[in-house]
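Side chains included, hydrogens not; waters and symmetry mates left out as well; all remaining heavy atoms used. For clarity, every value in this text was computed on a predicted model and none was experimentally measured.
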Amino acid sequence: MPHNRKRATIREVAQATGLSPAAVSYALRGIQTSPQTQQRVRAAAAALGYEAHPIARALASGRTGMVGLLCGSLEDYWQQSLAVGIGRALVGCDRYALILDAAGDPARELALARRLRDQRVDGLLVQPLDPSAPLWAELGETLPVVSIGDALHGGRSRAEVVFDNRSGVTMALEHLHGLGHRRIAVLTPTRATTPDRPADLHVNAEADRLGLQVTVVTAPQSWHAARRVALEVLSAPARPTALFCFTDSIAYGVYAAARELRLAVPEEVSVCGYDDHPMSVLLTPPLTSVDWDIDGIVRAAVQVMVEAIDGDPPHRRIVRAPTLRVRRSTGPAPA
């Protein structure tokens, strides 16, 4: 008969590594210790057969080990990649993601945020559709909330990993302006009921500065639904010479519409994306897009969330700078 080996304790791991039990606990959770220490502690824990007992840990700490991740729309490929990255990074910190999809609906987003709170998640990561909703301040009083992309207006978020949207929008529009484009359509997932998202606000300011004729059109984040919107935009009598899309998934719908209308990219219409999904380099032609470094976003968001759950920092604001990846989907404006 196999021998039932006694479960190793955290003190045994501490003795094997020469660290204190507290330092071992931090290392196993991926916080307050160097990557080298974390690797050494995890190797010792694996060799000893140490496993943290989830029920005992939850009873002792009052925590569930679950972190809510509320995505604006998982039909958007970039958000799918974000969810995968955050889920895996949380597992590396001995936590687990509970991922929910707001499906592009601000009302659904708020309902799901309340549900995550009621399920007693240890913290909430959100890429908000409606950053100005009063609910964020209410949630911030009871659990750590970390926003990704946009800051929560008036909320009590414990931390935020925000995009420098002013720079991102300026880079894209200046690039198109430099190519001679003056009539540009901006396709955004933002709805009329949530008009205060920073990226959308900067479009009008930059259009006035550069002397651009910009038309802002709401488009769903799924490429096949965005295709229908793009067909209308590209079939208009005064067709824009360039389309600036606030997600690469929307840009994929523009490609499909252009192909259906037999419009060449970029000879007859230029296309620019906004999140540089890895698939964008595989398109024909490859898509010009604004890169926010998704791996860096994942690392920063998970780090500040774990720190917030453990009660370390008061408030942290991390600003992600963009990089414009110029490829062959943008070219000179047609005469």
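Applying the salt bridge (Lys or Arg N to Asp or Glu O under 4.0 Å) test to every pair with at least one member in residues 252-262, sequence neighbours left out, gives these pairs: Arg227-Glu260. Pairs passing the salt bridge (Lys or Arg N to Asp or Glu O under 4.0 Å) check and including a residue from residues 318-335, sequence neighbours excluded, read Asp276-Arg327, Asp291-Arg325, Asp293-Arg320. Every pair passing salt bridge (Lys or Arg N to Asp or Glu O under 4.0 Å) that includes a residue from residues 169-187 is listed here, sequence neighbours excluded: Glu174-Arg209. Each ring pair (Phe, Tyr, Trp, His ring centres under 6.0 Å) pair with one or both residues in residues 212-238, not counting sequence neighbours, would appear here, but there are none. For residues 97-108, no pair satisfies salt bridge (Lys or Arg N to Asp or Glu O under 4.0 Å), with sequence neighbours left out.
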Inset, instruction - Step by step, work out the side-chain contact (heavy atoms from CB on, under 4.5 Å) result for Asp150 and Asn165. - result: CA-CA 9 Å; Asp150 295 328; Asn165 283 296; 3.3 Å; yes
Inset, instruction - Evaluate side chain to side chain donor-acceptor pair (under 3.5 Å) for Ser132 paired with Asp130, printing each intermediate quantity in order. - result: CA-CA 6 Å; Ser132 63; Asp130 185 4; 3.0 Å; yes
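With a 4.5 Å cut-off on side-chain heavy atoms, Val302 and Met305 do not count as touching.
Going from atom CG of Asp76 over to atom CG of Asp275 covers 5.5 Å, rounded to the nearest 0.5 Å. Atom NE2 of His181 and atom SG of Cys272 lie 10.0 Å apart (nearest 0.5 Å). With rounding to the nearest 0.5 angstrom, the CG atom of Leu19 is 6.5 Å from the OG1 atom of Thr37. Distance check, rounded to the nearest 0.5 Å: CG of Leu112 to CZ of Arg114 gives 10.5 Å. In this structure, CG in Leu135 is found 5.5 Å from CG in Leu110, a value given to the nearest 0.5 Å.
Below 30°, between 30° and 60°, or above 60°: for Tyr77 and His277 the angle between ring planes is between 30° and 60°, a tilted geometry.
Between the side chains of His175 and Thr330, at least one donor N or O sits under 3.5 Å from an acceptor N or O.
In this structure, the ring pair (Phe, Tyr, Trp, His ring centres under 6.0 Å) partners of Trp292, at least two apart in sequence or on a different chain, are Phe163, Tyr274.
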